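Let me begin by presenting the structure, written as structure tokens, before commenting on it.
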Amino acid sequence: MRSDNVTKGAERAPNRSLFYAMGYTKEELERPLIGIVSAHSDIVPGHYHLDKITEAVKAGVRMAGGTPIMVPSIGVCDGIAMGHIGMKYSLASRELIADSTETMAMAHQFDGLVLVPNCDKIVPGMVMAAVRMDIPAVVCSGGPMMAGTYNGEETSLSKMFEAVGAYKAGIIDACKLDECEKGVCPGCGSCAGMYTANSMNCLCEALGFALPGNGTVPAVSSKRVMLAKHAGMAIMNLVNNGITARQIVNEKSILNALACDMALGCSSNSVLHLLAISNEAGCPLNLEAFNEMSAKVPNLCHLAPAGPTHMQDLDAAGGIPAVQAELLKRGLIDGSLPTVSGKTVAENIEGAYIKNQNSIRPIENPYSETGGIQILWGNIAQEGCVVKRSAVAPEMLVHSGPARVFNSEDEAIAAIYSGKIVDGDVVVIRYEGPVGGPGMREMLNPTSALAGMKLDKTVALITDGRFSGASRGASIGHVCPEAACGGNIGLLCEGDIIEIDIPNASINARVSDDEFAARREKYVAPEPNIKSGWLARYARQVDCAAKGAVMKS
């Protein structure tokens with residue numbers, strides 16, 4: 001056992017004395033030491049209840065013969081951080097979470113980990129650490145929030161952001177804005193649509209790195225507490241049998257997760273995180289793999305923001321096992337792979353079926369024959385960019401229009417709110433990439449403003465930043481190379497015609513190579529907007545979005 005390094009032998013008597021200072025007993029130190037990495041805090045709705053989930057995990061560990069030890073993790077609430085400097089810290093925090101999880105596990109020689117995250121960057125950050133160290137680990141998320149209500153209908157956080165745009169456009173009044181504000185988020189849990197947090201919790205389940213139900217069982221359900229206890233038991237089985245993270249998370253299981261990503265219509269941020277996880281697992285993906293999978297995996301779900309259903313509906317319809325069962329019918333996932341439950345994928349989903357076709361369509365009748373994510377290439381994205389195709393209106397799959405160019409999200413949102421964006425425009429927001437931001441802010445405010453103003457079916461938005469899972473419309477992000485690294489997006493001028501063809505995976509400016517070269521001769525890069533603190537270090541060390549915005553080695 002790894003923990004023998006801190007608990008066994010006369011040489012470790014000083015180490016043991018420090019355990020005794022905390023009230024651990026001799027008997028507890030003779031059992032495997034299991035780190036419970038908890039992101040509980042009082043600032044993130046998705047993490048507010050993780051103290052209870054953590055206690056349930058600890059109970060499961062004890063029942064199965066281990067000694068649970070809780071250690072903390074930071075976590076940013078993307079919704080609260082949205083629209084100001086705080087969002088620069090969100091994606092970058094993923095690397096801090098991975099590094100701090102590794103630090104706590106290695107410094108204290110835990111025999112295994114149960115990872116208790118819930119929201120956007122916390123889930124992939126913890127998973128990255130586990131596969132980097134290749135020790136036994138299980139993910140046990142806190143579960144999704146229940147949907148709220150607005151105008152008598154089921155709704156979620158994306159509607160709140162869109163309501164701001166509707167208010168600015170005079171479509172709703174202050175009373176309706178207040179009604180929405182107080183109705184969309186009824187309690188704890190990760191926000192109720194197929195946003196990034198729920199996308200990653202579902203994909204952990206698809207990877208086999210979390211137990212069935214991890215992605216969809218509501219935060220407030222007693223089943224979530226039961227699931228946490230079973231996660232505590234499951235880690236002991238992994239530890240006792242020497243099953244480590246990379247035996248579960250590897251090239252084959254990542255392809256399983258990618259297939260589910262396409263079927264579910266997950267957040268475009270899943271591209272960044274699957275690239276990063278695969279890199280840590282020693283089997284790097286490339287962007288071409290996403291389009292290859294999209295070409296053969298149908299899109300079966302249209303959860304918010306793409307449609308009217310929410311995570312509780314997906315859970316009631318059979319959850320991820322029902323989606324996997326549909327994919328297995330056509331051999332689109334590998335059912336033989338092991339999972340943290342101790343069973344194979346096929347054994348986990350045996351008997352699963354669709355219970356409500358409003359939430360999960362059968363594979364014979366999908367929303368589309370192609371998956372929910374599309375990678376585009378062209379002369380303003382030579383290394384690729386990403387769009388959540390399943391959340392794009394059919395009439396916007398092919399679009400051309402004049403570029404309206406902004407050097408920050410703040411400039412763009414001011415123009416949108418003041419009514420300066422009109423039908424047919426292509427809003428370009430640059431210097432918001434991993435380096436240029438720094439930190440690659442999410443553009444939920446601009447996309448939601450456009451949707452609230454009823455412009456999401458006539459206006460496209462392109463950025464070297466990224467989008468929230470709550471964004472919808474022709475929202476094309478992760479443009480690479482980014483402007484701050486010399487990408488052609490930094491050379492676009494007001495009025496350049498941008499041509500978008502999502503079905504054919506292309507995005508181009510109607511600008512010749514010679515013209516781009518002439519503009520580059522005159523180009524003067526703006527000053528970095530963050531020059532001190534750890535974000536400045538991050539900007540110097542982060543790799544491009546096409547590689548998952550991981551830190552360079």
Side-chain angles (χ1 to χ4, degrees), residues 22-24 28 33-80 97 100-101 104 110 112-123 125-127 130 137-148 156-157 185-192 195 197-198 200-202 204-205 209-236 310-312 314-316 319 340-341:
M22 295 178 281
Y24 289 95
E28 285 176 300
L33 303 185
I34 307 300
I36 317 297
V37 187
S38 174
H40 169 66
S41 75
D42 289 347
I43 191 58
V44 185
H47 296 176
Y48 193 73
H49 64 306
L50 291 187
D51 54 339
K52 298 175 178 61
I53 302 300
T54 300
E55 287 303 316
V57 170
K58 291 167 73 173
V61 170
R62 290 192 186 98
M63 284 190 280
T67 297
I69 301 173
M70 190 281 289
V71 295
S73 168
I74 65 166
V76 170
C77 176
D78 278 14
I80 294 175
I97 291 161
S100 60
T101 299
M104 296 302 284
F110 295 138
L113 297 174
V114 180
L115 309 172
V116 187
N118 210 25
C119 291
D120 293 28
K121 312 312 161 301
I122 300 86
V123 181
M126 289 186 184
V127 173
V138 177
V139 173
C140 179
S141 77
M145 185 185 292
M146 298 296 285
S156 53
L157 184 64
C185 295
C188 65
S190 48
C191 298
Y195 311 144
N198 291 324
M200 294 312 301
N201 287 326
C202 288
C204 283
E205 190 176 332
F209 210 41
L211 297 176
N214 179 76
T216 61
V217 171
V220 295
S221 170
S222 62
K223 291 181 181 177
R224 179 58 58 176
V225 176
M226 297 178 199
L227 184 72
K229 291 177 181 177
H230 283 124
M233 298 178 204
I235 188 59
M236 293 308 301
H310 295 87
M311 296 305 295
Q312 66 203 50
L314 178 60
D315 186 62
V340 295
S341 72

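Keep in mind it's a predicted model, so treat the numbers as computed, not measured. Note that these values count all heavy atoms, side chains included, but never hydrogens, waters or copies made by symmetry.
Within the 4.5 Å cutoff, the side chain of Arg224 has heavy atoms near those of the Pro144 side chain. In this structure, Met145 and Leu157 have side chains that are not in contact, with every pair of non-hydrogen atoms separated by 4.5 Å or more. The side-chain heavy atoms of Asp78 and Lys121, taken from C-beta on, include a pair separated by under 4.5 Å. Between Val123 and Ser141 the shortest side-chain heavy-atom distance does not fall below 4.5 Å. With contacts defined as side-chain heavy-atom distances shorter than 4.5 Å, the pair Ile74/Ser100 does not qualify. Looking only at side-chain heavy atoms (C-beta outward), Met126 and Ile97 come within less than 4.5 Å of each other. Using a 4.5 Å heavy-atom threshold, the side chains of Pro72 and His40 count as separate. Here the side chains of Pro45 and Cys77 are in contact, with some heavy-atom distance below 4.5 Å.
Between Glu55 and Lys52 no salt bridge is recorded (no basic side-chain N to carboxylate O distance below 4.0 Å).
Considering OG of Ser341 and CG of Asn214, their distance stands at 12.0 Å, rounded to 0.5 Å. The CD1 atom of Ile53 sits 8.0 Å away from atom CG of Leu227, with the distance rounded to the nearest 0.5 Å. Annotation: the span from Lys229 atom NZ to Met226 atom CE amounts to 8.0 Å, rounded to 0.5 Å. Distance check: Thr54 OG1 to His49 NE2 gives 9.5 Å after rounding to the nearest 0.5 Å. From Cys191, atom SG reaches atom CG of Asn118 across 9.5 Å, with rounding to the nearest 0.5 Å.
Taking all atoms of both residues into account, the shortest heavy-atom contact from Cys140 to Pro117 is O-CD, 3.8 Å. Nearest heavy atom pair, residue Ala219 against residue Gly189, reads CB-CA, 3.7 Å. The heavy-atom pair separating Tyr24 from Pro68 by the smallest distance is OH-O, 4.3 Å. Between Ala228 and Ala56 the shortest heavy-atom distance is CB-CB, 3.6 Å. The two residues Phe209 and Ala130 come nearest to each other via the heavy atoms CZ-CB, 4.0 Å. Listed here is the closest heavy atom pair of Ala197 and Ser190: CB-CB, 3.8 Å.
The main-chain N or O of Ala39 is found under 3.5 Å from a side-chain atom of His47 such that the two form a donor-acceptor pair. At distances below 3.5 Å, not a single donor-acceptor pair connects side-chain atoms of Gln312 with backbone N or O atoms of Pro218. No side-chain donor-acceptor contact under 3.5 Å links Ser73 to the backbone of Ser38.
In this structure, Ile43 places its CD1 atom where only 12 or fewer heavy-atom neighbours from other residues, nucleotides or ligands lie under 6.0 Å away.
Partners of His230 according to the side-chain contact (heavy atoms from CB on, under 4.5 Å) rule, which considers only residues two or more places apart in sequence or in another chain, are Leu211, Met233.
Put simply, the residue from Ile69, Ile36, Thr67, Leu33 that forms a side chain to side chain contact (heavy atoms under 4.5 Å, CB included) with Val61 is Ile36. Screening Val127, Val37, Val71 against Thr101 for a side chain to side chain contact (heavy atoms under 4.5 Å, CB included) leaves a single residue, Val37. Screening Asn201, Asn198, Asp315 for a side-chain hydrogen bond (donor to acceptor under 3.5 Å, both in side chains) involving Thr216 leaves a single residue, Asp315.
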* To do: List the steps and the verdict of side-chain contact (heavy atoms from CB on, under 4.5 Å) for Val57 and Val138.
  => CA-CA 11 Å; Val57 170; Val138 177; over 6 Å; no
* Quick one: do Val220 and Met146 satisfy side-chain contact (heavy atoms from CB on, under 4.5 Å)? Show the steps, please. => CA-CA 8 Å; Val220 295; Met146 298 296 285; 3.8 Å; yes
* Can you check side-chain contact (heavy atoms from CB on, under 4.5 Å) on Asp42 and Tyr48, steps first, answer last? -> CA-CA 5 Å; Asp42 289 347; Tyr48 193 73; 3.9 Å; yes
